[in-house]
Amino acid sequence: MASLRHEFYETDERVTVSIFDRNANPENVMVKFDPRKVSYTNEDKSLLLEPLKGQINPDTSEFSIGKVKIEVRLTKAVPGRWGGLIGDSPDPLANSAAPQATPSVPSTKPKKNWEGITTEILTKEKEVTMEEDPNVGGDSTLNSFFQKIFGDADEDTKRAMMKSYQESGGTTLSTNWDEVKKSKVEVKPPAGAEWKKWN
C-alpha cells in the first residue's frame, strides 16, 4: 500500500489534518475515527495516524473530500495544544471517568481589550479648534472661514470679494476694493490646471 503525504495545524479545540490524495473518489474513501487513532484508506493508498498525541471525540470529528486533498477535522476531547500530531504523550482521559478541568496552558500574552483602548484614546484626544489648526474641518471649515471674513467686512471689502470671485470664475478672492475696481479680475487657475470657458 502507498503512503500519503499529510500535514496538520491545530487550535485549542481542533486538529485539522490535510491528506494529499489528488482526485480521490468519494465512493472509495474511508476515514475511521478512534479516540487515539485515525485511519484513512482509498483503494491501495492508506494513512494511519497512531497513537495521536491526545484523545479525540470520534462522534464530532469529520472529514471533507476536495480535488487535491482530504481535510480531516479532529475534535479534541480536552482543549489545549498538543504540539505534535503523533506521539506517546500521557492521555489525560485514560485514568478518569469524568473529564478533568482544562489543563493550564502557559500564558502567552494577555488578550488586548481593543474596545477599551479605542475608547481611551478617543476620550484623551481633545478636539482641535480652527485657531490651532486651520485645516481641521476641511471644506466646511474653509467655507465658514470665508463667511466669517465676509460677514465681518465693510461694504468695500464685500464688494471686492464678490467682484473678484465672480469675474475670475472662482479662482481669485480679493478683499482690496481699490485694486479690484480698476479693471476686470483675471482668471488664475491653480498650477497645472487649464481654464476653459463653459457656454
Side-chain angles (χ1 to χ4, degrees), residues 1-130 132-141:
M1 281 193 157
S3 186
L4 295 163
R5 184 173 74 90
H6 66 282
E7 55 187 44
F8 80 99
Y9 64 91
E10 69 174 319
T11 64
D12 285 337
E13 293 80 29
R14 296 193 132 198
V15 175
T16 303
V17 181
S18 296
I19 303 170
F20 296 95
D21 190 2
R22 188 177 293 275
N23 297 321
N25 185 348
E27 293 173 10
N28 299 332
V29 170
M30 207 163 72
V31 179
K32 186 175 181 220
F33 301 106
D34 290 314
R36 295 283 307 262
K37 174 172 88 173
V38 175
S39 61
Y40 168 85
T41 54
N42 177 19
E43 295 177 353
D44 64 337
K45 298 178 229 166
S46 70
L47 179 67
L48 179 64
L49 303 172
E50 178 184 39
L52 293 173
K53 201 92 166 180
Q55 192 165 339
I56 64 167
N57 185 343
D59 297 330
T60 58
S61 296
E62 58 190 12
F63 69 95
S64 60
I65 302 170
K67 287 187 177 191
V68 177
K69 66 182 179 179
I70 287 69
E71 192 168 272
V72 180
R73 290 172 293 284
L74 310 172
T75 306
K76 294 179 180 179
V78 176
R81 297 291 175 145
W82 291 356
L85 185 59
I86 298 172
D88 283 325
S89 293
D91 187 355
L93 296 179
N95 299 330
S96 67
Q100 296 175 347
T102 304
S104 62
V105 179
S107 64
T108 50
K109 284 185 179 177
K111 289 190 177 182
K112 295 239 184 222
N113 178 3
W114 292 108
E115 246 344 280
I117 292 171
T118 305
T119 306
E120 183 181 325
I121 290 170
L122 291 176
T123 55
K124 280 184 181 177
E125 286 182 2
K126 69 174 195 141
E127 208 167 294
V128 181
T129 62
M130 205 169 89
E132 294 170 335
D133 182 6
N135 299 324
V136 75
D139 288 343
S140 63
T141 304

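Starting from 1, each residue takes its place in the sequence as its number. Computation of the quantities below employed the complete heavy-atom set of this structure, encompassing side-chain atoms and omitting hydrogens, waters and symmetry-equivalent molecules.
- Evaluation of the salt bridge (Lys or Arg N to Asp or Glu O under 4.0 Å) test over residues 18-28, restricted to residues two or more places apart or in two chains, returns Asp21-Lys45.
- Residues Arg81 and Asp12 meet the side-chain proximity criterion, which asks for heavy atoms closer than 4.5 Å.
- Heavy-atom minimum distance, Pro58 versus Pro35: CG-N, 3.9 Å.
- Rounding to the nearest 0.5 Å gives a distance of 8.0 Å between CG of Asp34 and CD of Glu50.
- A donor-acceptor pair under 3.5 Å is absent between the side-chain atoms of Thr60 and the main chain of Thr75, judged by distance alone.
- Closest non-hydrogen pair, Arg36 versus Leu52, comes out as NH2-O, 2.6 Å.
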Using atom types as modelled, flag every donor-acceptor pair under 3.5 Å from a side chain in residues 64-74 to any protein atom, sequence neighbours excluded.
{"unit_1": "Ser64", "atom_1": "OG", "unit_2": "Arg73", "atom_2": "NH1", "d": "3.3"}
{"unit_1": "Glu71", "atom_1": "OE2", "unit_2": "Arg73", "atom_2": "NH1", "d": "3.0"}
{"unit_1": "Arg73", "atom_1": "NE", "unit_2": "Glu62", "atom_2": "OE2", "d": "3.1"}

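- With contacts defined as side-chain heavy-atom distances shorter than 4.5 Å, the pair Pro51/Ile86 qualifies.
- With sequence neighbours left out, Glu7 forms a side-chain contact (heavy atoms from CB on, under 4.5 Å) with Arg5, Ser18, Phe20.
- Using a 4.5 Å heavy-atom threshold, the side chains of Ile56 and Val38 count as touching.
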### Task
Check the pair Val78, Gln55 against side-chain contact (heavy atoms from CB on, under 4.5 Å), reporting the backbone distance first and the verdict last.
CA-CA 7 Å; Val78 176; Gln55 192 165 339; over 6 Å; no

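- Put simply, the side chain of Val17 reaches to within 4.5 Å of the side chain of Leu85, judged on heavy atoms.
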### Message
Test side-chain contact (heavy atoms from CB on, under 4.5 Å) on Val15 and Lys53; report intermediate values, then the result.
### Response
CA-CA 11 Å; Val15 175; Lys53 201 92 166 180; over 6 Å; no

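- Across Tyr40 and Ala24, no two heavy atoms sit closer than the pair OH-CB, 4.1 Å.
- Taking 4.5 Å as the limit, some side-chain heavy atom of Phe63 sits within range of a side-chain heavy atom of Val29.
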### Task
Apply side-chain contact (heavy atoms from CB on, under 4.5 Å) to the pair Lys76 and Asn57, showing each step before the final yes or no.
CA-CA 6 Å; Lys76 294 179 180 179; Asn57 185 343; over 6 Å; no

